[in-house]
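Notes follow once the structure below has been shown.
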Amino acid sequence: MEKNLARPTIQRILKRGSIMTGKRTVHSERTGTLIKSRIPSLCRLRILRGKLHMGHALDQTLQDVLIRWRRMQGYSALWLPGSDHASIATEVKVVNKLREEGIDKEELGREKFLEKAWEWKKEYGGKITEQCRKLGDSCDWERERFTLDEGCSNAVKEFFIKLYEKGLIYKGNRLINWCPDCGTTLSDIEVEHEDKEGEYWYFRYPGADGSEGIVVATSRPETMFTDVAVAVSPGDERYKEMVGKTVMIPLLNKEIPVIEDEYPDPEKGTGAVKITPAHDPNDFEVGQRHGLACESCMNFDATMNEKAGKYEGMDRYECRKAWVEDLKAAGYLVKEERMSIPVGTCYRCHTAVEPMLSDQWFVKMDELAKPAIEIAKNKDLQHVPDRFEKIYLHWLDNIRDWCISRQLWWGHRIPAYYCDDCGEMMVAAEAPAKCTKCGSTHIHQDEDVLDTWFSSALWPFSTLGWPEKTEDLEYFYPTDVLVTGYDIIFFWVVRMAFSAMEAMGESPFKYVYVHGLVRDAQGRKMSKSLGNGIDPLEIIDQYGADALRFMLMNGVTPGNDMRFQTEKLESARNFANKLWNASRFTIMNLAG
């Protein structure tokens, strides 16, 4: 069955005959092949809207080619379709729909809201199945899975409790990424970093002793209300005499120390940095090293709180404008520069993310990352092309603890319970009858749900019956090949790797076959804002599924983007017609 080819083609990486594809798994062990499939994760919203895009078409066609090829070789092949619940995207859609009907989510209540969410899923979730069938996907539709079904939900609880009991999950008050529009935390990889034109303001922080003090550059003056220090680089001769002394925050009559830390870059700005631990991740780390206070001057809706004094209640950007004008009028503004500034935005709504101090649930990543790194370095998990291994390893080598709690109602509710009388916290699969500490029966469950990726990370084994030792799990795990786009390596691939190593003790797949994106004829990424998206279903109606699939496969190479070209599509349609007519002619002349 092995193909001894010179370069890493699909045939070569299928030596054992098992595939796991894209959010879609193809898997074979010993004598059989299982394909477990899942709609690509970056399009959860589109799943529930029932809308395929061209990236789906490429991803699914690759998988279908692989599974049909294995079936033709005599392998038993199962392509198990399914989708995740897309917590943020789905909740946003349901909330917006309710708002159009004049219904407020909070007034409706959690139980009634979840009923509405399930109605939404029932209405729109099935449409993706119809569209996949139209594309020609040869899945076993009777075995379709959903991350909120009973089996997957039990697996999520089991995995959460397993990590908690090992001390790998904890609840802590830390700086997190907060989306004021979606109203929830985001993990580091759900924050997109964009360079935007903005302002840098240089303000003088006068010395408390009456000296000139220090000039500090900042792009976020609205956070100055809770500055706790000004940091300079060790050995910076410009500020040698200021270290250990104090300066005043302009207009606030608040005295803060000047400290030395490795964080400030002497070559950037003035070399002096204001430290606001509750509103910047780097400042937070500086604050931890120096034992500095950590107070926020904003509310979770991105308006200013009481720490902002007369600016309380103003939107953060309105406050920025008014505060800068007041500082300028008082003579504290030294200069301002217009330049490109990196801004973190929510990957869903593209609102600027606000770092906020909050009580959240986290996964300790240092211990979990090590086995995932080892399987790549030992070649138990290999990327095709191998250049994508650098992305995988870079993310794991620089990983921070994963914030897994979300302030939503749609999703897997965190299995933690609190005693209303003594405050004891209990983590359990089911609600305890009474408090394990004081015996009280007044208990409530944690309000938050888990990050959707927490359940998505379990997909290779949760859909096979884990934590139960099912025949499917024993027979089909581990898989051999994952087919996926390069844009979700750290979103999904890495998380499946470390979760599988923790739960199963071996890599969930042997190879990660990485494909590129489908771009428009000009090489631009397809997007709503550009209006250059192409609906594969419309293409199928006009040219046929065979033509679309052949066009996508013709000349595609691992890891490289491709351009959608009408000429190639027409050529593929003509070829399909010739093949069809030749087949009809042959069959007509076959005896019997």
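For clarity, every value in this text was computed on a predicted model and none was experimentally measured.
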Compute the centroid of each ring, for Trp402 and then for Phe362, and state whether the two points are separated by less than 6.0 Å. no

Are more than 12 heavy atoms, taken from residues, nucleotides or ligands other than Gln445, located less than 6.0 Å from that residue's CD atom? yes

Aromatic ring proximity, centroids under 6.0 angstrom, Tyr311 and Phe225: yes

With no hydrogens and no angle check, just 3.5 Å: does a side-chain donor-acceptor pair link Lys274 and Thr223? yes

Any side-chain heavy atom of Lys364 sitting closer than 4.5 Å to one from Ile169? no

Nearest heavy-atom pair of Glu260 and Pro234: which atoms, and what distance? OE2-CA, 3.6 Å

For the atom pair CD1 (Ile341) and CG (Asp195), what is the distance rounded to the nearest 0.5 Å? 9.5 Å

Any non-hydrogen side-chain atom of Tyr202 less than 4.5 Å from a side-chain atom of Glu336? no

Kindly compute the distance separating CD (Glu190) from SG (Cys403), expressed to the nearest 0.5 Å. 9.0 Å

With rounding to the nearest 0.5 angstrom, report the CG to SG distance, Leu175 to Cys294. 6.5 Å

Verify, without hydrogens or angle tests, whether Trp409 (side chain) and Leu114 (backbone) share a donor-acceptor contact under 3.5 angstrom. no

Verify the neighbour count for atom NZ of Lys307: are there more than 12 heavy atoms of other residues, nucleotides or ligands below 6.0 Å? no

Under a 3.5 Å cutoff, is there a donor and acceptor pairing between the side chains of Thr185 and Arg406? yes

Minimal non-hydrogen separation, Ala57 against Pro536, with atom names: CB-CB, 4.1 Å

Glu111 CD: over 12 foreign heavy atoms closer than 6.0 Å: no

Centre-to-centre under 6.0 Å for Trp453 and Phe491, is that the case here? yes

Would you sort out whether Thr303 and Arg316 count as a side chain to side chain contact (heavy atoms under 4.5 Å, CB included), showing the intermediate values? CA-CA 5 Å; Thr303 58; Arg316 53 184 168 171; over 6 Å; no

Under 4.0 Å between a side-chain nitrogen and a carboxylate oxygen: does that hold for Asp261 and Arg289? yes

Side chains of Pro355 and Trp178 in contact at under 4.5 Å (non-hydrogen atoms): no

Student check: side-chain heavy atoms of Val247 and Val258 closer than 4.5 Å: yes

Flag for Asn299-Asn305: side-chain donor and acceptor within less than 3.5 Å: no

Does any N or O in the side chain of His56 come within less than 3.5 Å of the main-chain N or O of His53, such that one atom is a donor and the other an acceptor? yes

Just checking, is any N or O donor in the side chain of Gln407 or Gln360 under 3.5 Å from an acceptor N or O on the other one? yes

With a 3.5 Å cut-off and no angle check, do the side chains of Asp561 and Tyr486 form a donor-acceptor pair? yes

Closest non-hydrogen atom pair, Gly516 against Leu58: O-CD2, 3.6 Å

Residue pair Thr270 / Tyr239, side-chain heavy-atom distance below 4.5 Å: yes

Do Asp326 and Tyr332 have side-chain N/O donor and acceptor atoms under 3.5 Å apart? no

If only atom types and distance count, is the side chain of Arg563 paired as donor or acceptor with the main-chain N or O of Ala521 below 3.5 Å? yes

Would you indicate whether Arg400, at its atom CZ, is surrounded by more than 12 heavy atoms from other residues, nucleotides or ligands within a distance under 6.0 Å? no

As a quick check of understanding, evaluate side chain to side chain contact (heavy atoms under 4.5 Å, CB included) for Arg320 and Trp201, giving each step before the final call. CA-CA 11 Å; Arg320 176 187 293 182; Trp201 291 272; 3.8 Å; yes

Whether Asp59 side chain and Gly55 backbone form a donor-acceptor pair below 3.5 Å: no

More than 12 heavy atoms of other residues, nucleotides or ligands under 6.0 Å from CD of Glu447: is that the case? yes

For Glu107, does its backbone N or O pair with a side-chain atom of Asp104 as donor and acceptor, under 3.5 Å? yes

Find out whether Thr351 and Val353 are in side-chain contact, i.e. whether some heavy atom of one side chain is under 4.5 Å from a heavy atom of the other. no

Student check: side-chain heavy atoms of Leu450 and Arg413 closer than 4.5 Å: no

Quick check: does any side chain N or O of Thr90 sit under 3.5 Å from a backbone N or O of His85, one acting as donor and the other as acceptor? yes

With a 6.0 Å cut-off on ring centres, are Phe160 and Trp361 close enough? yes

Would the Tyr170 and Tyr164 ring centres measure less than 6.0 Å apart? no

Check: Trp120 ring centre within less than 6.0 Å of Trp410 ring centre: no

May I ask you to check whether Glu194 and Thr345 show a side-chain donor-acceptor distance below 3.5 Å? yes

State whether the number of non-hydrogen atoms from other residues, nucleotides or ligands found under 6.0 Å of Lys105 atom NZ is greater than 12. yes

Chi angles and distances behind the side chain to side chain contact (heavy atoms under 4.5 Å, CB included) call for Met298, Glu222: CA-CA 9 Å; Met298 286 187 206; Glu222 67 275 12; 3.7 Å; yes

Suppose we call two aromatic rings close when their centres sit under 6.0 Å apart. Are Tyr417 and His444 close by that rule? no

Sub-3.5 Å donor-acceptor pair from the side chain of Asp84 to the main-chain atoms of Ser456, do we have one? no

Inspect the contact between Lys321 and Glu325 and indicate whether a charged nitrogen and a carboxylate oxygen are less than 4.0 angstrom apart. no

Tell me whether Asp265 at atom CG has more than 12 heavy atoms from other residues, nucleotides or ligands lying less than 6.0 Å away. yes

What's the shortest heavy-atom distance between Ala229 and Ile259, and which atoms? CB-CD1, 4.1 Å

Between Asp280 and Thr276, does any side-chain donor sit less than 3.5 Å from a side-chain acceptor? no

Please examine the side chains of Phe564 and Met54, heavy atoms only from C-beta on, and report whether any two atoms are closer than 4.5 Å. yes

Passes side chain to side chain contact (heavy atoms under 4.5 Å, CB included), Val493 versus Thr484? Steps please. CA-CA 8 Å; Val493 178; Thr484 189; 3.9 Å; yes

With a 3.5 Å distance limit and no angle check, can you tell me whether Arg204 reaches the backbone of Pro250 through a side-chain donor-acceptor pair? no

Do you know which of Asp448, Thr452, Val92, Val449 makes side chain to side chain contact (heavy atoms under 4.5 Å, CB included) with Leu408? Val449

Interatomic distance, Met224 atom CE to Phe203 atom CZ [nearest 0.5 angstrom]: 5.5 Å

List the steps and the verdict of side chain to side chain donor-acceptor pair (under 3.5 Å) for Ser499 and Glu502. CA-CA 5 Å; Ser499 298; Glu502 176 64 26; over 6 Å; no

So, does His279 use its side chain to make a donor-acceptor pair with the main chain of Cys297 at under 3.5 Å? yes

Glu241, CD: over 12 other non-hydrogen atoms inside 6.0 angstrom: no

Value rounded to 0.5 Å, distance of NZ in Lys116 from CD in Glu101: 6.0 Å

Is Glu354 salt-bridged to Arg220, going by a charged N under 4.0 Å from an acidic O? yes

